[in-house]
Structures are given as C-alpha cells and as structure tokens.
Amino acid sequence: MPASASASASASAAASAARLAGVSRDTLATAVRYSLQVLAEQAKGNTVEVRVPPFGAIQCIEGPGHTRGTPPNVVETDAETWLSLVTGRLDWAAGVQSGRVHASGQRADLTGYVPITGLR
C-alpha cells in the first residue's frame, strides 16, 4: 500500500475512534446490531457472513449458501470501522485496502451494499 494511502487510512481510523470516544458500549452495540439487521433485510441470502465482534454477525447476499463450519465468504471488521462503512464515512475499497476490513472468499464484497441508505 502506498504511504499516502496508509497515512490516510490511519487518519480515518483515528477520526472514527475520536467520534465514538464518548459513546457508551450499549449504544455502540445497538448501532452495530441495527445496521447489521438492516443489511440482512436489504441483502437477503446466506452467501456472505458479516462479523462485527463482539456485537454481532449476519449472513447476507443471495447465492450459494453454506450450512456447517466456517463459511467460505467472510467479512470481518471492528465496530468503529463497520459504522464508518455503513454510514459512508469509509469507502469499501479503502477499508479493505487499509486492512481495516478483512474480506475472504470470492463473494466477500459489500460493494453496492454499503453505505446503507438512510443511516447517518
């Protein structure tokens, strides 16, 4: 990753953390769970598992599903990054490139699903 992209990602992470510094854990958990629920409703399916530990995980996006074990398509990130993605403060590609979003599997791509319309 170019140094400028790394610096930009670090600055974005610091800004996200500062915005959420005064937010209670309960409020943060509610925001994450609600936004995961909205994504699951808007992108019905069970091809991709989205994890935001320790607050929640969902399956979404139509396509081949899985029933046991570790799913082949997983997106995982922390709560601050997740909320930045769903509100449009962080672009999907930038989140993946910076390492703030871990996406594994051919279908583990939320482009077009985040940001979630109507969340701020």
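The residues of the chain are indexed from 1 along the displayed sequence.
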| Does some side-chain heavy atom of S104 sit less than 4.5 Å from a side-chain heavy atom of N73? |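 No - every pair of side-chain heavy atoms lies 4.5 Å or more apart.
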| field | Distance-minimising heavy-atom pair for R33 and F55 | value |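 Heavy atoms only, the tightest pair is NE-O, 2.8 Å.
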| query | Can you name the closest pair of heavy atoms from E80 and L28 and give their distance? | reply |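 It is OE2-CD2, 4.1 Å.
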| request: Could you list the residues that satisfy side chain to side chain donor-acceptor pair (under 3.5 Å) with S24, not counting sequence neighbours? | output: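 S24 satisfies side chain to side chain donor-acceptor pair (under 3.5 Å) with T27 only.
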| task | Can you sort out the partners of D91 under side chain to side chain donor-acceptor pair (under 3.5 Å), two or more places apart, ordered by chain and number? | result |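 Expected list: none.
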| task | Could you pull out all residues at least two apart from T111 that satisfy side-chain contact (heavy atoms from CB on, under 4.5 Å)? | result |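 Expected list: W92, D109.
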| request: Could you walk me through whether V75 and V101 pass the side chain to side chain contact (heavy atoms under 4.5 Å, CB included) test, one step at a time? | output: CA-CA 7 Å; V75 171; V101 176; 4.0 Å; yes
| request: Group every Ile, Leu, Val, Met, Phe, Trp and Tyr by side-chain heavy-atom contacts under 4.5 Å, then state whether V96 and V114 land in the same group. | output: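 Same cluster.
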| request: List in chain and number order the residues that pass salt bridge (Lys or Arg N to Asp or Glu O under 4.0 Å) with R51, two or more places apart in sequence or in another chain; answer none if no residue qualifies. | output: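 Partners of R51 under the salt bridge (Lys or Arg N to Asp or Glu O under 4.0 Å) test: E49, E76.
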Could you tell me whether a side-chain N or O of [X] sits under 3.5 Å from a main-chain N or O of [Y], the two making a donor and an acceptor?
{"X": "S84", "Y": "R89", "value": "no"}
{"X": "R107", "Y": "T47", "value": "no"}
{"X": "N46", "Y": "E62", "value": "no"}

| task | Nearest 0.5 Å please: distance from the CZ atom of R25 over to the OG1 atom of T30. | result |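 Interatomic distance, R25 CZ to T30 OG1, rounded to 0.5 Å: 11.0 Å.
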| message | Tell me which one of V86, V48, I61, L85 satisfies side chain to side chain contact (heavy atoms under 4.5 Å, CB included) with Y113. | response |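 Passing option: I61.
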| No-hydrogen, no-angle side-chain donor-acceptor test under 3.5 Å, T81 and R100 |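 T81 vs R100: donor-acceptor pair found between side chains.
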Could you pull out all donor-acceptor pairs under 3.5 Å where a side-chain atom in residues 34-42 meets a protein atom, sequence neighbours excluded?
residue : atom : partner : partner atom : Å
S35     : OG   : A31     : O            : 3.0
S35     : OG   : V32     : O            : 2.9
S35     : OG   : W82     : NE1          : 2.8
Q37     : NE2  : E41     : OE2          : 3.1

